[in-house]
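Keep in mind that what you see is a predicted model, and the values were worked out from it rather than measured. Chain identifiers are assigned alphabetically (A, B, ...) following the order of the sequence lines, protein sequences preceding nucleic acid strands; residue numbering begins at 1 within each chain.
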Amino acid sequence: MAAAAALEAVAPTGALWGLVQDFVMGQQEGPADQVAADVKSGSYTVLQVVEALGSSLENPEPRTRARGIQLLSQVLLQCHSLLLEKEVIHLILFYENRLKDHHLVIPSVLQGLRALSLCVALPPGLAVSVLKAIFQEVHVQSLPQVDRHTVYSIITNFMRTREEELKGLGADFTFGFIQMMDGEKDPRNLLVAFRIVHDLISRDYSLGPFVEELFEVTSCYFPIDFTPPPNDPHGIQREDLILSLRAVLASTPRFAEFLLPLLIEKVDSEILSAKLDSLQTLNACCAVYGQKELKDFLPSLWASVRREVFQTASERVEADGLAALHSLTACLSRSVLRADAEDLLDSFLSNILQDCRHHLCEPDMKLVWPSAKLLQAAAGASARACDHITSNVLPLLLEQFHKHSQSNQRRTILEMILGFLKLHQKWSYEDKDERPLNVFKDQLCSLVFMALTDPNTQLQLVGIRTLVVLGAQPDLLSSEDLELAVGHLYRLSFLEEDSQSCRAAALEASGALATLYPVAFSSHLVPKLAEELGRGELDLARGDESTKCSRHLHCLQALSAVSTHPSIVKETLPLLLQHLCQMNKGNMVAGTNEVIAVCQSLQQVAEKCQQDPESCWYFHQTAVPCLLALAVQASMPEKGHSVLRKVLLEDEVLAAMVSVIGTATTHLSPDLAAQSVAHIVPLFLDGNVSFLPENSFPCRFQPFQDGSSGQRRLVALLMAFVCSLPRNVEIPQLNQLMRELVELSCCPSCPFSSTAAAKCFAGLLNKLPAGQQLDEFLQLAVDKVEAGLSPGPCRSQAFTLLLWVTKALVLRYHPLSSCLTEQLMGLLGDPELGPAAADGFSLLMSDCTDVLTRAGHAEVRIMFRQRFFTDNVPALVQGFHAASQDVKPNYLKGLSHVLNRLPKPVLLPELPTAVRIAALQCMHALTRLPTPVLLPYKPQVIRALAKPLDDKKRLVRKEAVSARGEWFLLGSPGS
Amino acid sequence: MVGGGGVGGGLLENANPLIYERSGERPVTAGEEDEQVPDSIDAREIFDLIRSINDPEHPLTLEELNVVEQVRVQVSDPESTVAVAFTPTIPHCSMATLIGLSIKVKLLRSLPQRFKMDVHITPGTHASEHAVNKQLADKERVAAALENTHLLEVVNQCLSARS
């Protein structure tokens, strides 16, 4: 028994001894991991490993010693968390001692120390002791890169866990590190070393008298000049080094006295990247510097920045120069001043003004814009800077505007003024009287009005933009100014064709200013537009000319453009609706286009109302019943239809009305929508016209019963409304409605109304929650389609219903959609419906505008196209192969619709090898065309053919190579 | 053009070269036809790119003259590197640079941009091996050579498919 136990105790250590021998003498690598695993599993202790190593740790041959220590270090790297404090103390003593050993041994010793630096059980004092030993014994820069990296890791580990202890070393630690990294050249090590320096500074280690040394040892790398080797084995980019060095250099004001002269010198460099790096570093420094640091260098810094912005051809240098000036000014504006100190901001800005202002007086000269940009960069830094600069520059620019008489010079000057005015928007002034622009207001207004009346379009455009910026300044413009401004905008809104850009800008400006000054616009603009509209009605009544027609259109656009404030909508909407009614009154010769224009204008107003719930409801409640009333009136069978009555029922006009009603409905809150639906559904189902504003009609409105074909067309308007409702709005009489819709959809009379009914049915179906009701409606549709598709008069209607129901289900990933898609695919082989079925695939894949839209709350899954593609393309392809010759084109067309709508990234990887090969062969074959025809495309084709050179399939690459080779030869000598 | 010899003009330097057999088309394997399997770029593929380049002075291809051989192509698709060694027919061949340039241009036009390519003379087979290699390795010189219309003409002739 005892012998067996003894044997068991010996066995593991015996095995250990063998492993150690294999590693140390046998030069095998495997045993190290084995030993580490055994230590982790508790088979033996670290102490036993040391004992087993015994003699090899003291072997006279350094290679053997190194090998022994290497084994121990590798075990420690894996097992440092198991070490006890007592073991750590001994190990540290041992390793520190070994630092004095032969240079072959050092790498393994450092690995061991790195393992111990990770050790939680390291008692206080030992971190410092290890560092001191390293500082004293190791000349880091003569070690190979990996071992230098190990040393940096040891320091990083200690800084992470033993900060207080290390700080106890005082500036000695900083000094030790400076000596250690001095001369480092490897980018991998530099990234770590820069990080250490950054932590030294930001965690407030003592730098003692070594600030300049620390600066020197890092700034010697500035500006970074490094190109990663090919294949980029270490994944280090130039930018990584630049940013980590910048983080060091810009981390403390204590470097300022050394860094600023360096930056000033390097901005002057010939090398673009050095300029950029210097300007960006300066920019970063300003975040931590104050007046004190900048004081002595301001004149030189300004001179450098000015020179770069004035002279450069590079936009990046200009942008970085301006950013640096902005930061410098912000830094000076921010600094807290002692009572007796001079405010450097004023003198700095005065310098800038002095150097720049005279250039502003030469609007034709090259330096005018750089000067303006410099001044604006400084002015944008703080409210104080902004006041200082604009109070100097604005009077000058105003004077210059009047001095120069040419429109293009004036435009340049006004554009500069605009730039300065925009800066004022950044600052808010509490005291109204302090606002610096007040003094210039009158001059600015008269100047803007001059610009607005100038014949030069460009100057007008800048004038309009300036007017908007002036208007955005709170309480700047007086009511007289506004009245004048509105007058100008009115005039500009009717500019003729050749100044479209100005007219568009004026409309946009009206919209922007109307939100701020609704009263000015309702009292001065809307009445004028109303008058204009009235004149337009007379013109129309007389049978007009086309110029009048465009005035009418412009007037409608101006009305919608200005409807940006709820109070204005309350005036413009009735005007527009009344105008539509007037057109309907009969004695006007209104064409389709005029009515559509009114609807488009209404639709734009509706869009502007969407964001404000109150306006949204107002619009809905006012416009929808009115439009319905007009349409119902028009649909009444009556002797002597007026021209307009027919016009109102035309496809395009109804489509325009559909879009108004849809836009007016999508943003309704559910409870308001419910109020509306309680009126509109009974109107269509029961002919209940009581809620319409004018409701005395000669006969009943029964679109679903045997009403006239005109009445049935209005189902499109019902569709626009019910298909735009939020999903949680309950629709009354839904069962009856759905049945009527299905009936109408297969009614052979008029394609417009049957399609509208099918779309309406599909739109409702898409939003219904899964459940029995949905299943019933689906069954209803499926039965109807089946009956309708059998030979008879309404096959095409049944097909349309099938198509829309399929779309509704495809969008929401309904399980029945695959079955319906199959049915649709079957129809591709139908001699009569085949072509329509092929086009149907286009509809399935595209976005609708009126129903089944995301805006209209339909359930649209984002990946439906991809899913449809993967689910159905194999069957389409198979169908194509199986189909008879005369219907093959239908399959091909269907397939092309599916592919066409698919996002390219989804499609490309799916293209089979054969298709890629054929495409490349086509590209090759194209080279036989006459060279002059091809040459314009040569660079583009060669670029595009570079990609398939890297195709994963060899056969594709082969074709790409020969096609590309031929394209290279086109028009080239010797070919 | 064929008999007179391309740029050399006058007498051919090596009027009677040894002619080697051409390797056939690479047979297409099942794997190559399977869309799912990626085919890595291998030595044979590189060899196929360059073997049909025409010699500047003989109406023969580089393969037929044994100037290029598949064994002298080293390629690593994952590391994006290609090395091609070519063997001039005689140690004083004045066409060596031109041949190297043609190989280089062919590879530049035919390989994905990620590849780093090295075209050099098979060690010990040419009198000015070092100078030629240096020229071929110099990107700017290669670019400048292709700006030269005459040189580009000859290179394009070498790369044109034989009709």
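- At distances below 3.5 Å, not a single donor-acceptor pair connects side-chain atoms of B:Asn156 with backbone N or O atoms of A:Leu969.
- In this structure, chain A has a heavy atom under 4.5 Å from the side chain of B:Leu49, while its backbone stays farther away.
- Salt-bridge annotation for B:Glu25 and A:Lys958: present, with a side-chain N of the basic residue lying under 4.0 Å from a carboxylate O of the acidic one.
- With respect to chain B, the highest number of heavy-atom pairs below 4.5 Å among A:Leu949, A:Leu955, A:Val956, A:Asp951 belongs to A:Leu949.
- For residues 110-134 of chain B, the interface with chain A (any heavy-atom pair closer than 4.5 Å) comprises B:Ser110, B:Leu111, B:Pro112, B:Arg114, B:Lys116, sorted by residue number.
- Residue A:Arg954 holds its CZ atom at 4.5 Å from CG of B:Asp42, rounded to the nearest 0.5 Å.
- Here the closest heavy-atom approach between residue B:Arg109 and residue A:Arg964 is recorded as O-NH1, 2.8 Å.
- Neither the backbone nor the side chain of B:Leu107 has a heavy atom closer than 4.5 Å to any heavy atom of chain A.
- Within a 6.0 Å sphere centred on CG of B:Asn148, heavy atoms belonging to other residues, nucleotides or ligands number more than 12.
- The pair A:Lys953-B:Glu32 does not meet the salt-bridge criterion, since no charged nitrogen lies less than 4.0 angstrom from a carboxylate oxygen.
- When B:Asp39, B:Thr81, B:Asp77, B:Ile41 are compared by the number of non-hydrogen pairs under 4.5 Å with chain A, B:Asp39 comes out ahead.
- More than 12 heavy atoms of other residues, nucleotides or ligands lie within 6.0 Å of CD in A:Gln28, so this atom counts as buried by the packing criterion.
- B:Glu153 contributes no side-chain N or O that, together with a main-chain N or O of A:Pro973, makes up a donor-acceptor pair within less than 3.5 Å.
- Proximity to chain A is absent for every atom of B:Val155, based on heavy atoms less than 4.5 angstrom apart.
- Of all the listed residues (B:Ser40, B:Gly31, B:Ser80, B:Cys158), the one sharing the greatest number of non-hydrogen pairs under 4.5 Å with chain A is B:Ser40.
- The number of heavy-atom neighbours closer than 6.0 Å to CD of A:Glu315, taken from other residues, nucleotides and ligands shown, is 12 or below.
- In the displayed structure, B:Arg26 atom CZ is contacted under 6.0 Å by more than 12 heavy atoms of other residues, nucleotides or ligands.
- When each of B:Leu159, B:Leu146, B:Thr149, B:Leu152 is checked for a side chain to side chain contact (heavy atoms under 4.5 Å, CB included) with A:Ser972, only B:Leu152 meets the rule.
- For residues 926-947 of chain A, an interface with chain B (any heavy-atom pair closer than 4.5 Å) does not exist.
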